[in-house]
2 protein chains.
Amino acid sequence: MKLSKSEEQLMQYIWKRKKAFMNELLEMYPEPKPANTTVATLLKRMKDKGYIDYEQMGRSRQYYPTVNKSDYFSRHLKGLIRKYFDDSPSTFASFFTRETDLTEDQLKELQDIVEQELERRKK
Amino acid sequence: MKLSKSEEQLMQYIWKRKKAFMNELLEMYPEPKPANTTVATLLKRMKDKGYIDYEQMGRSRQYYPTVNKSDYFSRHLKGLIRKYFDDSPSTFASFFTRETDLTEDQLKELQDIVEQELERRKK
DNA sequence: GAACTGTTTCTACAAGTGTAGAATATAAAT
DNA sequence: ATTTATATTCTACACTTGTAGAAACAGTTC
């Protein structure tokens with residue numbers, strides 16, 4: 001089952017820290033911070049959905065992700081490409097370069113990236 | 001307000017047709033098609049959210065999008081990039097080329113795209 | 001004009017979400 | 001041991017979503 005919007009938000013913090021206690025996570029929210037019970041609820045639901053787990057550390061729990069951010073995101077992205085671009089990554093790519101306000105420098109950077117990726121595959 | 005999952009689905013069909021009556025939209029669904037009242041409900045909600053509008057044509061309505069697919073998607077994408085890549089399109093790009101199963105041909109195509117975009121900007 | 005057919009609105013309901021108070025547990029501090 | 005601070009669970013409630021039946025309408029057909 002998918003993460004909801006606000007669960008995803010929290011998930012970002014967990015990914016960033018690798019491991020974190022609830023209070024640390026709460027810290028990470030910008031003002032106005034949610035009630036701690038709100039975060040607790042989210043953590044519980046996320047655990048139920050299988051996206052995180054925890055290790056009991058004395059009085060409290062240290063939470064950590066059970067899914068990798070890249071994997072999660074790449075599934076996400078593939079879904080989008082399927083939905084919006086009829087499964088064509090290159091159509092997506094052209095959209096991306098045109099519509100995402102890339103600066104000239106970033107476009108050049110992208111050139112390098114593609115270049116390197118092509119190199120990498122030759123071997 | 002954002003479109004929900006199944007509203008987005010329907011929105012795709014509307015974008016594809018540019019203009020369509022409910023029965024035409026219903027046609028476009030794969031089996032098992034939803035009840036026509038389901039589609040009617042979605043149309044109503046989408047109209048309330050401001051994503052579509054209609055023109056009364058005799059007995060029924062011809063619906064059309066009030067938001068452009070590219071705009072909608074590009075907002076979507078920018079949101080994602082912000083959320084997952086700290087606002088760095090190039091980090092996103094490198095992720096994209098590495099993780100999206102692009103074939104070699106597609107990578108080359110992407111090279112061309114970037115090349116052309118750079119050209120385009122020179123002028 | 002009575003019956004039929006397709007459209008739209010109303011109503012409904014279960015599941016999921018955002019949010020958090022109340023209650024409880026539990027360790028730390030005095 | 002009593003207070004205090006914090007973490008976790010329970011409970012709650014309003015809102016959104018997916019889905020569709022029932023009802024009301026509006027042409028179309030016999």
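In what follows, every chain begins at residue 1, and chains take the letters A, B, ... in the order their sequences are listed. Values below: every heavy atom of this structure, side chains too, minus hydrogens, waters and symmetry copies.
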Does one side chain, of B/E8 or A/Y84, offer a donor that lies under 3.5 Å from an acceptor on the other? yes
Taking CE from A/M1 and C1' from D/dG18, how many angstroms apart are they, rounded to a whole number? 12 Å
Fellow cluster residues of A/Y64, listed by chain then number, with links counted only when side-chain atoms sit under 4.5 Å apart: none
In whole angstroms, how far is the P atom of D/dA7 from the CG atom of A/L26? 9 Å
Please give me every residue in residues 30-45 of chain B whose heavy atoms get under 4.0 Å of an atom in DNA chain D, ordered by residue number. B/P34, B/A35, B/T37, B/T38, B/T41, B/R45
What is the ring orientation for B/W15 with B/Y72, classed by angle as parallel under 30°, tilted 30 to 60°, or perpendicular over 60°? tilted
B/F96 meets the ring-ring contact (aromatic ring centres under 6.0 Å, His included) criterion, sequence neighbours left out, with A/F92
Can you find a pair of side-chain heavy atoms, one from A/K2 and one from A/H76, that are under 4.5 Å apart? yes
B/E109-A/S90 side chain donor-acceptor pair, cut-off 3.5 Å: yes
Is NZ or CZ of A/K47 both nearer than 6.0 Å to the six-membered ring centre of A/Y63 and within 45° of the ring axis? no
Tracing side-chain links under 4.5 Å among I, L, V, M, F, W and Y, which residues wind up in one group with A/M57? A/F21
Can you work out whether A/N23 or B/L3 has the more 5'-proximal nearest nucleotide on DNA chain D? A/N23
Could you check if a side-chain atom of A/F95 sits within less than 4.5 angstrom of a side-chain atom of B/S74, using non-hydrogen atoms only? yes
Just the rounded figure in Å: distance from C1' of D/dT19 to CD of B/Q9. 14 Å
Range on DNA chain C touched by chain B - first to last nucleotide, heavy-atom distance under 4.0 Å: C/dT7 to C/dA12
Side chains of A/Q56 and A/Q62: is there a donor and an acceptor less than 3.5 Å apart? no
When you measure from every atom of DNA chain D, which of residues 47-64 of chain A have a heavy atom less than 4.0 Å away? A/S60, A/R61, A/Y63
